[in-house]
Chemist: 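A single structure is presented below for examination.
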2 protein chains.
Amino acid sequence: MKMNEGVEWALHSCVNLTWVDGDRAVTAARLAAFYELPAAYLNKQLQALARAGILTSTSGPKGGFRLARSPERITLMDIVTAIEGPEDAFRCTEILRKGPGGDPAVDYRAQCLVSQAMGRAELAWRRELAGQTIADIKASVEAAYPEAPERTRKRLTE
Amino acid sequence: MKMNEGVEWALHSCVNLTWVDGDRAVTAARLAAFYELPAAYLNKQLQALARAGILTSTSGPKGGFRLARSPERITLMDIVTAIEGPEDAFRCTEILRKGPGGDPAVDYRAQCLVSQAMGRAELAWRRELAGQTIADIKASVEAAYPEAPERTRKRLTE
DNA sequence: GACGGGGTACTCGGATAGAGCTTGTCCGAGTTAGCGTGG
DNA sequence: CCACGCTAACTCGGACAAGCTCTATCCGAGTACCCCGTC
């Protein structure tokens, strides 16, 4: 059970995008060069963010990606879901159906108590992710590293 | 990011084992037949539980697996960790090290604010798992399906 | 000098290979129970 | 009848393949800009 590495890249890229003017688009190549990441693969992740409505993409010269909405309205949950998909990590395969007393008509994803317990844990995880926004991270980074915004903006636009 | 399917099997198998006498060992084949699972593969998962000290294993005739300690002392976290390993799903690869101002001496798994945010979410997940024991599930199953204990015990011992 | 059209360079986007993990299977080492034999 | 040793069957345990997801890459479709020619 390991998370897609693109989640980390996407999170950092979104935070970095908060520091560039909203009317400037940043190319995938430039975002990738920032952390020496494979450009084509990062592009793939950014495409997923665009499909999810988190980023907007523009083709051609002066094209690239930009945030589709304000950082306060982008949660970590949004980004994780965009990259990883909406399915839970724990998938109830309803093995109770094959056991003694198993009823084919019952939806064991809702009835099975093991599934419910795992679901509660996953819900706690999602709740924590949904409670944090890109703006929160941006603010804490600015507090800890005051030079980061300007340095990042320069590196991404020049 | 999908969890090993063996986690589901292990959870159900542990709950089922709570209903057989502590001095009776149940073979992997019998536990697998209960839900029509591939026996050899379930055996693999049970081995992991044994290595983690959750089950004890016995070889030879009359051998098999049994719970190593009381269900109250076995949390869902124990089982998930035994199967999935101790690593977090989100792995900070410390990409900040490659970025501008990156310092090779800094441990970014502790410093990176993105990593911290993801860590908090994962901690909430683990906390929820650690707060639930096999005994809790056993109790709620018994409340919902009073016939389950006897039926399971019979099926696993005869 | 101003305007329009074509070419060109640049960007995203999806289709296409390769690596690593999950899933599934198999046979061997070790152990216990049962049986046969001898006292 | 009882004790002992041997055999044989049974179980776990780890080593060995197949499928699938994640990782990585490449080239084509689309677009905005820029240059050139014309009015």
Side-chain angles (χ1 to χ4, degrees), chain A residues 1-10 13 17 23-33 35-66 68 80 82-85 87-91 93 95 156-157, chain B residues 1-10 13 17 23-33 35-66 68 80 82-85 87-91 93 95 156-157:
Chain A
M1 186 190 58
K2 62 187 174 65
M3 184 174 291
N4 197 313
E5 197 173 357
V7 171
E8 185 183 12
W9 305 354
S13 295
L17 279 174
D23 54 350
R24 296 271 302 187
V26 182
T27 70
R30 208 167 269 272
L31 283 167
Y35 294 121
E36 301 179 19
L37 302 174
Y41 191 32
L42 177 63
N43 188 26
K44 199 179 185 58
Q45 315 296 345
L46 297 176
Q47 281 174 39
L49 295 181
R51 269 194 298 272
I54 297 168
L55 301 181
T56 59
S57 62
T58 317
S59 281
K62 294 284 179 180
F65 295 91
R66 71 195 77 184
V80 169
I83 306 281
E84 290 290 333
E87 305 88 21
D88 281 4
F90 179 86
R91 314 149 281 165
T93 60
I95 64 177
L156 289 180
T157 52
Chain B
M1 187 190 58
K2 62 187 175 63
M3 184 174 290
N4 197 313
E5 197 174 357
V7 171
E8 185 183 12
W9 305 354
S13 295
L17 280 174
D23 54 351
R24 295 271 302 187
V26 183
T27 69
R30 210 167 267 274
L31 284 166
Y35 295 121
E36 301 180 18
L37 301 174
Y41 190 32
L42 176 63
N43 187 26
K44 202 181 184 56
Q45 315 297 343
L46 297 177
Q47 281 175 38
L49 295 181
R51 269 194 298 270
I54 297 168
L55 302 181
T56 59
S57 63
T58 318
S59 283
K62 293 284 180 180
F65 295 92
R66 68 195 79 184
V80 169
I83 306 281
E84 290 290 334
E87 305 88 22
D88 281 5
F90 178 86
R91 312 150 283 164
T93 60
I95 64 178
L156 288 181
T157 53

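This one's a predicted model, so the numbers in the text were calculated from it and none came from an experiment. The sequence lines fix the lettering, A, B, ..., with proteins before strands; numbering per chain opens at 1.
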Chemist: Give B/R51 one of three labels, base, sugar-phosphate or nothing, depending on what nucleic acid heavy atoms sit under 4.0 Å from its own.
Modeler: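 The residue B/R51 makes sugar-phosphate contact but no base contact.
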Chemist: Find the distance B/L31:CG to D/dT11:P and express it as a whole number of Å.
Modeler: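 It is 12 Å, rounded to the nearest whole Å.
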Chemist: For B/N43 and for A/A39, locate the closest nucleotide of DNA chain D by heavy-atom distance; then report the residue assigned to the nucleotide nearer the 5' terminus.
Modeler: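 Nearest-nucleotide comparison on DNA chain D picks B/N43.
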Chemist: Would you mind telling me which residue lines up with the more 5' stretch of DNA chain C, B/E84 or A/A40, judged by nearest nucleotide?
Modeler: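 Result: A/A40.
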Chemist: Base, sugar-phosphate or nothing for A/A28? Non-hydrogen atoms, less than 4.0 Å.
Modeler: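 The residue A/A28 makes sugar-phosphate contact but no base contact.
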Chemist: How close do B/E8 and A/T93 get, counting heavy atoms only, and between which atoms?
Modeler: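 In terms of heavy atoms, the two residues are closest at OE1-OG1, 2.7 Å.
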Chemist: Between B/L37 and B/W9, is the side-chain contact (heavy atoms from CB on, under 4.5 Å) condition met? List the steps.
Modeler: CA-CA 8 Å; B/L37 301 174; B/W9 305 354; 3.7 Å; yes
Chemist: Reading DNA chain C in the 5' to 3' direction, which nucleotide is the first one with an atom under 4.0 Å from a heavy atom of chain B, and which is the last?
Modeler: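 Footprint of chain B along DNA chain C, 5' to 3': C/dT23 to C/dA33.
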Chemist: Distance check needed: D/dT21 C1' versus A/E5 CD, whole Å only.
Modeler: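 About 14 Å, once rounded to whole Å.
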Chemist: Does the side-chain contact (heavy atoms from CB on, under 4.5 Å) test come out yes or no for A/L55 and A/R66, once each step is laid out?
Modeler: CA-CA 5 Å; A/L55 301 181; A/R66 71 195 77 184; over 6 Å; no
Chemist: Closest nucleotide of DNA chain D for A/W9 versus for A/T58: which of these residues is on the 5' side?
Modeler: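 Here A/W9 is the residue nearer the 5' end.
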Chemist: Please report, rounded to the nearest Å, how far the C1' atom of D/dA15 is from the CD atom of B/Q47.
Modeler: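 Computing the B/Q47:CD to D/dA15:C1' distance gives 11 Å.
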Chemist: Between A/L37 (CG) and D/dT23 (C1'), how many Å, whole number?
Modeler: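 In whole Å, D/dT23 C1' lies 13 Å from A/L37 CG.
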Chemist: Is there a side-chain contact (heavy atoms from CB on, under 4.5 Å) between A/K2 and B/E87? Walk through the geometry before answering.
Modeler: CA-CA 8 Å; A/K2 62 187 174 65; B/E87 305 88 22; over 6 Å; no
Chemist: Give the rounded distance in Å between these two atoms: OH of B/Y41 and P of D/dC20.
Modeler: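 One finds 14 Å between P of D/dC20 and OH of B/Y41, rounded.
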Chemist: Measuring from atom CE of A/M3 to atom CE of B/M1, what distance do you get when rounded to the nearest 0.5 angstrom?
Modeler: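 If I round to the nearest 0.5 Å, the distance is 4.5 Å.
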Chemist: Reckon A/R91 touches a base, only the sugar-phosphate, or nothing at all at heavy-atom distances under 4.0 Å?
Modeler: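 Sugar-phosphate, no base atom in range.
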Chemist: Does any N or O in the side chain of A/N4 come within less than 3.5 Å of the main-chain N or O of A/G6, such that one atom is a donor and the other an acceptor?
Modeler: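 A pair under 3.5 Å: yes.
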Chemist: Hey, which of these two, A/F65 or A/K2, hits DNA chain C nearer its 5' end, going by closest nucleotide?
Modeler: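 Going by which nucleotide is closer to the 5' end, it is A/F65.
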Chemist: Output, in order, the C-alpha distance, side-chain angles, deciding distance and verdict of side-chain contact (heavy atoms from CB on, under 4.5 Å) for A/I54 and A/F65.
Modeler: CA-CA 10 Å; A/I54 297 168; A/F65 295 91; over 6 Å; no
Chemist: Has the side chain of A/Q45 got a donor or acceptor atom that lies under 3.5 Å from a matching backbone atom of A/I83?
Modeler: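 No; judged by distance alone, with no hydrogens or angles, the pair does not exist.
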Chemist: Tell me: CD of B/Q45 to P of D/dG13, nearest whole Å?
Modeler: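 One finds 13 Å between P of D/dG13 and CD of B/Q45, rounded.
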Chemist: Measure CD/A/E36 against C1'/D/dA24 and give the value in whole Å, please.
Modeler: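 Going from CD in A/E36 over to C1' in D/dA24 covers 17 Å.
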Chemist: Tell me the closest heavy-atom pair linking A/A82 and A/A48, and the distance in Å.
Modeler: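 The answer is O-CB, 3.8 Å.
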Chemist: When we call it a touch if two heavy atoms are under 4.0 Å apart, what does A/K44 touch: a base, just sugar-phosphate, or nothing?
Modeler: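 Base contact.
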Chemist: Return a single string for nucleotides 3-10 of chain D, one symbol per nucleotide in 5' to 3' order, where B is base contact, S is sugar-phosphate-only contact and - is none, cutoff 4.0 angstrom on heavy atoms.
Modeler: -------B
Chemist: Rounded to whole angstroms, how far apart are CE on B/M1 and P on D/dT23?
Modeler: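 Going from CE in B/M1 over to P in D/dT23 covers 12 Å.
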Chemist: Please tell me whether A/Q47 and A/S57 have a donor and an acceptor in their side chains that are separated by less than 3.5 angstrom.
Modeler: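 Judged by distance alone, the side chains do not pair up.
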